[in-house]
Amino acid sequence: MVLAVAQETMARWQFGITIVYHFLFVPLTISLASVVAGFETAWVRTGKAKYFHATKFWGRLFLINIAMGVVTGIVQEFQFGMNWSDYSRFVGDVFGAPLAMESLIAFFFESTFIGLWIFGWDRLPKKLHCACIWLVAIGTLLSAYFILAANSFMQHPVGYRIDKESGRAQLTDIGRVLLQNTTQTQMFHTVTAAFLTGSALVIGISSYHLLRAKRGRETNRRNIAPMRTSLRVGLIIAVVAGLGTAISGDRLGKVMFDQQPMKMAAAEALWDTQAPAPFSIFAIGDVSEGHNRVALEIPGLLSFLAKDNFHSPVPGINDRARQEAAEFGGEPENYIPNIFITYWGFRLMIFFGMTSFVVGLIGLWTTRRKFWLTQARKTDDDEPPMLMLTNKVEMNAFFTKWSWRVGILTMAFPLVANSFGWIFTEMGRQPWVVYQLMRTSEADSPNVNTGTVIGSMTAFTALYAVLAAIWVKLMAKYAMAGPDSGEQPPTKDPTLRGPSAGDADQPLAHAY
Amino acid sequence: MHLHDLWFILIAVLWIGYFFLEGFDFGVGVLTKLLARNGTERRVLINTIGPVWDGNEVWLITAAGATFAAFPDWYATMFSGFYIPLLIILFCLIVRGVAFEYRAKQSGARWQRNWEEATFWTSLLPPFLWGVIFANVVRGLAIDADKSYVGGLGDLFNGYAILGGFMTLALFVCHGAVFAALKTLGEIRDRARTQATQLGAVAGLLLIAFLLWTQADSGNGRSLGVMVVAFVALVGALVMTRLGRDGWAFTLSGLTVVAAFATLFLALYPDVMPSTLDPDWSLTVSNAASSSYTLKVMTIVAAVFTPIVLIYQSWTYWVFRRRIGVQHIPAGH
């Protein structure tokens, strides 16, 4: 029994480590695919060199990421069967379908067209080449949709029945699984957050180069132009996606208050049902003690977040736990997730995510190039912008320097927010693996022993640590190198028929 | 025909498609040590599979995902039963993908040599382990009444399975050499042909031994016919290689891979994971399958999307149809 518990714990740790790690790369891949596609489209349409160099530059960073995203993704698919075979047997009939669709519809798309895009610079006409990266971007979004449909089934099972004979879940309505509001809202939230993540990276790296240019360390204006455009693009995405993340987060919160009230009570460490319920900004003392020594609350706000009404009652942890115990048996405390993690995870998610949104807003205003500026303050396309507070007042040197640095330092904030968001939503569902249908403790592989899981978890952690070091090293190297204005597109637009006799021995435009 | 029989065929097609495609790119990975004589030649080889290896690997993800959807018990028993071999395969696939993508991202002899070593080993181990796994699936495992594998790791490495592992490895490397002959130019192409025939001889012996053993243990009329196809195709591939007909040679070496694994699936049917403890505990196409509704949904999805995938994936091979020689490798890294 002691060992059985330990095995489940280890399997959960392994899942947690590998999925959080995988999800560092996923949002970057989703957003950078579209960013690169946008720049390439701009290049194809205008022929401007800065767009070409931006495409190449962000494309390199995108490829370093997608490689990690792809290889760490396979682990997840195998892991359900390896560590969670009872779960797989119980939900396979339902859960397997979106997973298989994801491979067939999304992964083939992504992997095939990314190959064409990487190696196709001198093989494909540029419009077709550009279409390839758009198809990759669409593939990443489709993939997100299917896997979120699968996850939403775990959050809020629909479109199934329990087969009397086998006691397992059976799919009865694929449409509901794919289209239920949990899936849609999670998709909205995950994708907006993904774009916020990519935008923070774009802002950070562009800021680094523009600050260097400002200090005279980069004088090649052909290298500055793509970074200035990138900064603009990054800031706009940050504002739009940041706003989208907040709105979708609010929607998702309401869906969760309705479908998993315990998770949301845990997010607030709201122990007792209250009407109206306050929103806790932070609590001092141990939130998991069963009562809070709360330092700061906004009255009524939680009621509003839950139900769009400042006076509605919001169910507390204790009431929900008693209710679930009465319904499913056992002690109430068995139904309470880890409150410390859910409470702080929820707050850190919001803090790290919204910081990047604010950076985007301030950045968009201070770096504006045309509006309400006197002639003397206007800067060219290929110069670093001045930071303007109002139409006449320029930020002083100290704040200017630090503003650029803030852009750089907050580069990874949404990555942290993503991790906390997933940790919150998955741990907030405990003790259930499939909400109110299957407990996590019943889901593991009965025939895999603890030592094996510990071994595999340790090995994954070690391998992932080494890969993380390599990833950081390469990202830093290529990010700091900046755009290479020496790179040139193929002199004539390639044709599908292939090169003429004279070009047959030309080196490949891209080679491993 | 029942839907679960159709899905047995589709799952077999996906796994076999995976072995056909990643078979040669594993083979090419192994050949970076056997065939290539210097860094530039290694790069020639890696670049022959550069644009396609990732798409090839998705066949595995789809095979596993479809097994999960159509036969949850098959998926659960297989993946929890072959825990350690699959774990090693996962590690290999992780490192291998990163190795392809990152090797040229930085200069420096040590950096590149390390990734090249990694490419070799991570291309060598998975074919062997897939052979071991599928040989065991056909042979049967100690599966209990709860459909779980209760044997040990050592039991997986029995004589038959090890033979299956070496057969798969030799066949894939031979298939890779034939592919290399098809996709390269100059001196490396001549050597690829020579090695293909040598490797083909080894693969042929292992193939005969392994498939005859399979036939004796669990074969039937259909598997016998397909087994003969595998032998004939391999001989044909070697003859075509000697004649310098690379396209035909590749088609036939691919057919060998297809027929060899089709023999296994035919010998397996209607079981999907036979139990050696009690035949009643065996997983079969009917007792391991999903509900007919799920299978129906999946059939529609597969019918619509599989042709599309095949079209654009084939198109990729057409776009990158040019042979690569050392003159095409850009300087620098």
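By convention in this document, chain letters (A, B, ...) are assigned in the order of the sequence lines, proteins followed by strands, and residues within each chain are numbered from 1.
There is no side-chain donor-acceptor pair under 3.5 Å between B:S291 and A:Q170. Side chains of A:T140 and A:E110: no donor on one and acceptor on the other come within 3.5 Å. No donor-acceptor contact under 3.5 angstrom links the side chains of A:E102 and A:Y145, judged on distance only.
Residue contact with chain A, scored on non-hydrogen atoms closer than 4.5 Å, involves the side chain of B:V95 exclusively. Looking at B:Y293, the atoms closer than 4.5 Å to chain A (heavy atoms on both sides) all sit in the side chain, from C-beta outward. Of the atoms belonging to A:I66, not a single heavy atom falls under 4.5 Å from chain B. Proximity to chain A (any heavy atom under 4.5 Å) is shown, for B:T77, by both the backbone and the side chain. Heavy-atom distances place both the backbone and the side chain of B:I61 under 4.5 Å from chain A. Using a 4.5 Å cut-off between heavy atoms, B:V150 does not touch chain A at all. For chain A, no part of B:D144 is nearby; none of its heavy atoms comes within less than 4.5 Å. In this structure, chain A has a heavy atom under 4.5 Å from the side chain of B:I84, while its backbone stays farther away. Both the backbone and the side chain of A:L508 come within less than 4.5 Å of a heavy atom of chain B. For A:T172, the part lying near chain B is the backbone, with the side chain staying farther off; criterion is any non-hydrogen pair under 4.5 Å. Proximity to chain A (any heavy atom under 4.5 Å) is shown, for B:D73, by both the backbone and the side chain. Only the side chain of A:F95 comes within contact range of chain B, with at least one heavy atom under 4.5 Å from a heavy atom of that chain. With a threshold of 4.5 angstrom between heavy atoms, A:L104 approaches chain B through its backbone and through its side chain. For A:L135, no part lies under 4.5 angstrom from a heavy atom of chain B. A:V453 touches chain B through backbone and side chain together, each having a heavy atom under 4.5 Å away. Proximity to chain A is limited to the side chain of B:V297, based on heavy atoms less than 4.5 angstrom apart. Proximity to chain B (any heavy atom under 4.5 Å) is shown, for A:Y160, by neither the backbone nor the side chain.
What you find for A:A169 and A:D93 is that their closest heavy atoms are O-CB, 3.4 Å. Nearest heavy atom pair, residue A:R123 against residue B:V319, reads CD-O, 3.7 Å.
For an aromatic pair to be called close, the ring centres must be under 6.0 Å apart, and A:W471 with B:Y102 fails this. Aromatic ring centroids of A:F113 and B:Y312 lie under 6.0 Å apart.
With chain B as partner, the option from A:V94, A:I118, A:D173 having the largest number of non-hydrogen pairs under 4.5 angstrom is A:D173. In terms of non-hydrogen atom pairs under 4.5 Å with chain A, the most contact-rich of B:F79, B:W318, B:F82 is B:F79. When each of A:L116, A:V448, A:V75 is scored by its heavy-atom pairs under 4.5 Å with chain B, the top score falls to A:L116. Ranked by heavy-atom pairs under 4.5 Å with chain B, the first of A:Y87, A:F107, A:F460, A:W117 is A:F460. Chosen from A:S111, A:A97, A:G115, the residue pairing most often with chain B at heavy-atom distances under 4.5 Å is A:S111. Among B:N47, B:D54, B:L14, the residue with the largest count of heavy-atom pairs under 4.5 Å with chain A is B:N47. Among A:S445, A:P98, A:S103, the residue with the largest count of heavy-atom pairs under 4.5 Å with chain B is A:S103. Per-residue counts of heavy-atom pairs under 4.5 Å with chain B were compared for A:I470, A:D163, A:V70, A:L99; the largest is that of A:I470. Interface check for chain A: of the options B:A64, B:A69, B:S80, B:G55, the most heavy-atom pairs under 4.5 Å are formed by B:S80. Of all the listed residues (B:F305, B:W53, B:Y75), the one sharing the greatest number of non-hydrogen pairs under 4.5 Å with chain A is B:Y75.
The backbone N or O of B:G29 sits less than 3.5 Å from a side-chain atom of B:T32, completing a donor-acceptor pair.
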List the steps and the verdict of side chain to side chain donor-acceptor pair (under 3.5 Å) for B:S286 and B:T284. CA-CA 5 Å; B:S286 54; B:T284 67; 3.2 Å; yes

Give the C-alpha distance, both sets of side-chain angles, the deciding distance and a yes or no for salt bridge (Lys or Arg N to Asp or Glu O under 4.0 Å) between B:R43 and B:E116. CA-CA 10 Å; B:R43 293 187 64 193; B:E116 284 165 7; over 6 Å; no

Evaluation steps, salt bridge (Lys or Arg N to Asp or Glu O under 4.0 Å), between B:R96 and B:D25: CA-CA 11 Å; B:R96 187 169 178 266; B:D25 76 44; 2.8 Å; yes

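The environment of CH2 in B:W121 is sparse: at most 12 heavy-atom neighbours from other residues, nucleotides or ligands sit within 6.0 Å.
A:Y464 and A:Y21 have parallel rings, their planes meeting at less than 30° on a 0 to 90° scale where 60° marks the start of perpendicular. Taking the six-membered ring where tryptophan is involved, the planes of B:W130 and B:F134 are tilted, since the angle between them lies from 30° to 60°.
One finds no salt bridge joining B:K147 and A:D86 here, because no Lys/Arg side-chain nitrogen approaches an Asp/Glu carboxylate oxygen to under 4.0 Å.
Both cation-pi conditions hold for A:K56 and A:W121: the charged atom is under 6.0 angstrom from the six-membered ring centre and inside a 45 degree cone around its axis.
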